[in-house]
Amino acid sequence: MTQSPSAHLTIRSPAPHDPALFRFHQSCRHLLHWDVGSGFSHIHNMTMRHGKLQASQPGRYYIYSQTYFRYQQQQHSDEGPGSERQLVQCVHKKTSYASPTLLMKAVGTKCWAAEAEYGLNSLYQGGLFELKAGDEIFVTVSDPDVIDTNGDSSYFGSFRLDL
C-alpha cells in the first residue's frame, strides 16, 4: 500500500540577513529554510524545493503553518516602550499560473509592556485545499529575523485526506 502524501517541516536557522529570503506581497518574505529530515520533520510522496512543498498527487490537502515570533525589546531601541509590532504569516499556492494564490493569512498586532524582556507571539493557521499534482505551497512572514527557530515552535506541513 502506498503511503498518502504528507510532510511536516520544521524551521531551520538561515544565515543572518540571508539574501535568499526574498520579499513577497505586503512586505512579507518567503521562508526558504525548512528541515526535511531530522527531529520531528518528515516528508513522504511530496518534494521540497526552494522552500516550496510540492504535491505529487491531486486531492484535498490539509495545509497548516505555525510561526513563533520572539524578539528582544533592546534590539529595537528605536521603538518606544510598549511599542506595537505587526506580525504577519501567509500561506500561498503556486500553480501553473504566473502569480501565486494567497490561501491563508494570519495577522497579529501586539503591544508588549515596556518592562518586558521578550515579545512572544504565535500565529497558527490551517485549512483544507484542493491541490493538483505539481502545485506548490509555501509560507511568507513579515519579519523572518524574529522567528524562533526551534522545530517545536515554527513549522509547516500538509497531508492529503484519503476519502
Side-chain angles (χ1 to χ4, degrees), residues 1-70 85-110 120-163:
M1 183 167 128
T2 306
Q3 186 171 6
S4 290
S6 68
H8 179 82
L9 310 170
T10 54
I11 194 85
R12 225 178 356 133
S13 293
H17 306 291
D18 190 340
L21 292 168
F22 62 88
R23 292 231 173 252
F24 205 73
H25 297 294
Q26 299 172 343
S27 301
C28 285
R29 290 187 277 175
H30 182 180
L31 290 178
L32 296 173
H33 302 280
W34 297 103
D35 193 351
V36 297
S38 65
F40 298 114
S41 297
H42 76 271
I43 189 165
H44 300 288
N45 295 323
M46 297 183 88
T47 56
M48 173 58 82
R49 187 180 60 160
H50 304 296
K52 296 177 183 163
L53 188 58
Q54 186 176 59
S56 61
Q57 300 170 12
R60 287 190 190 114
Y61 285 77
Y62 183 76
I63 301 168
Y64 62 92
S65 180
Q66 176 171 294
T67 306
Y68 189 73
F69 295 92
R70 172 193 297 260
R85 188 173 188 94
Q86 188 174 48
L87 307 170
V88 181
Q89 173 191 264
C90 297
V91 177
H92 306 268
K93 175 172 82 168
K94 176 80 173 95
T95 64
S96 57
Y97 294 112
S99 296
T101 303
L102 178 65
L103 298 178
M104 298 181 281
K105 181 177 184 178
V107 179
T109 302
K110 301 298 177 187
L120 305 172
N121 188 50
S122 165
L123 295 175
Y124 177 88
Q125 54 191 338
L128 188 61
F129 298 92
E130 192 75 30
L131 296 180
K132 296 178 182 166
D135 285 353
E136 298 173 315
I137 53 176
F138 61 98
V139 176
T140 62
V141 296
S142 55
D143 193 349
D145 294 332
V146 295
I147 292 178
D148 188 315
T149 56
N150 288 327
D152 59 353
S153 301
S154 298
Y155 50 83
F156 159 57
S158 180
F159 55 90
R160 190 181 77 178
L161 297 176
D162 292 322
L163 303 175

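None of these values were measured; they are calculated from a predicted model.
- In this structure, Tyr155 OH and Trp34 CH2 are separated by 10.5 Å, a value rounded to the nearest 0.5 Å.
- Between Tyr64 and Ala7 the shortest heavy-atom distance is OH-O, 3.6 Å.
- The minimum heavy-atom distance linking Ile137 with Phe156 is given by the pair O-CZ, 3.5 Å.
- Closest heavy-atom contact between His50 and His30: O-CE1, 3.3 Å.
- Between Ser41 and Val36 there is no side-chain heavy-atom pair separated by less than 4.5 Å.
- Side-chain contact between Asp143 and Leu87 is absent, with no heavy atoms from C-beta onward closer than 4.5 Å.
- Of the inter-residue distances, the one linking Lys94 atom NZ with Thr101 atom OG1 reads 9.0 Å to the nearest 0.5 angstrom.
- With rounding to the nearest 0.5 angstrom, the CD atom of Gln54 is 12.5 Å from the CG atom of Asn45.
- In plain terms, the two heavy atoms of Met46 and Pro5 that are nearest each other are CG-CB, 3.7 Å.
- Closest non-hydrogen pair, Gly51 versus Phe138, comes out as O-CB, 3.6 Å.
- Counting all heavy atoms, side chain and backbone alike, His44 lies closest to His42 at CD2-CD2, 3.1 Å.
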What donor-acceptor contacts under 3.5 angstrom involve side-chain atoms of residues 123-133, with partners at least two apart or in another chain?
residue : atom : partner : partner atom : Å
Tyr124  : OH   : Tyr62   : OH           : 3.3
Gln125  : OE1  : Lys105  : N            : 3.1
Gln125  : OE1  : Ala106  : N            : 3.4
Gln125  : NE2  : Gln89   : O            : 3.1

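- In this structure a side-chain-to-backbone donor-acceptor pair under 3.5 Å is present from Ser142 to Val88.
- A 4.5 Å side-chain heavy-atom check between Thr47 and Ser56 finds every atom pair outside the cut-off.
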Could you walk me through whether His92 and Leu103 pass side chain to side chain contact (heavy atoms under 4.5 Å, CB included), step by step?
-> CA-CA 5 Å; His92 306 268; Leu103 298 178; 5.9 Å; no

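- Atoms CZ and OG, on Arg70 and Ser154 in that order, are 10.0 Å from each other to the nearest 0.5 Å.
- Summarising the geometry, atom CZ belonging to Phe69 is positioned 9.0 Å from atom OG belonging to Ser122; distances are rounded to the nearest 0.5 Å.
- If you take NZ on Lys93 and CG on Leu53, they are separated by 13.5 Å, rounding to the nearest 0.5 Å.
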Going through the distances and angles, do Leu31 and Val141 end up as a side chain to side chain contact (heavy atoms under 4.5 Å, CB included)?
-> CA-CA 7 Å; Leu31 290 178; Val141 296; 3.9 Å; yes

Trace of the side chain to side chain contact (heavy atoms under 4.5 Å, CB included) decision for Arg160 with Gln57 = CA-CA 9 Å; Arg160 190 181 77 178; Gln57 300 170 12; 2.4 Å; yes

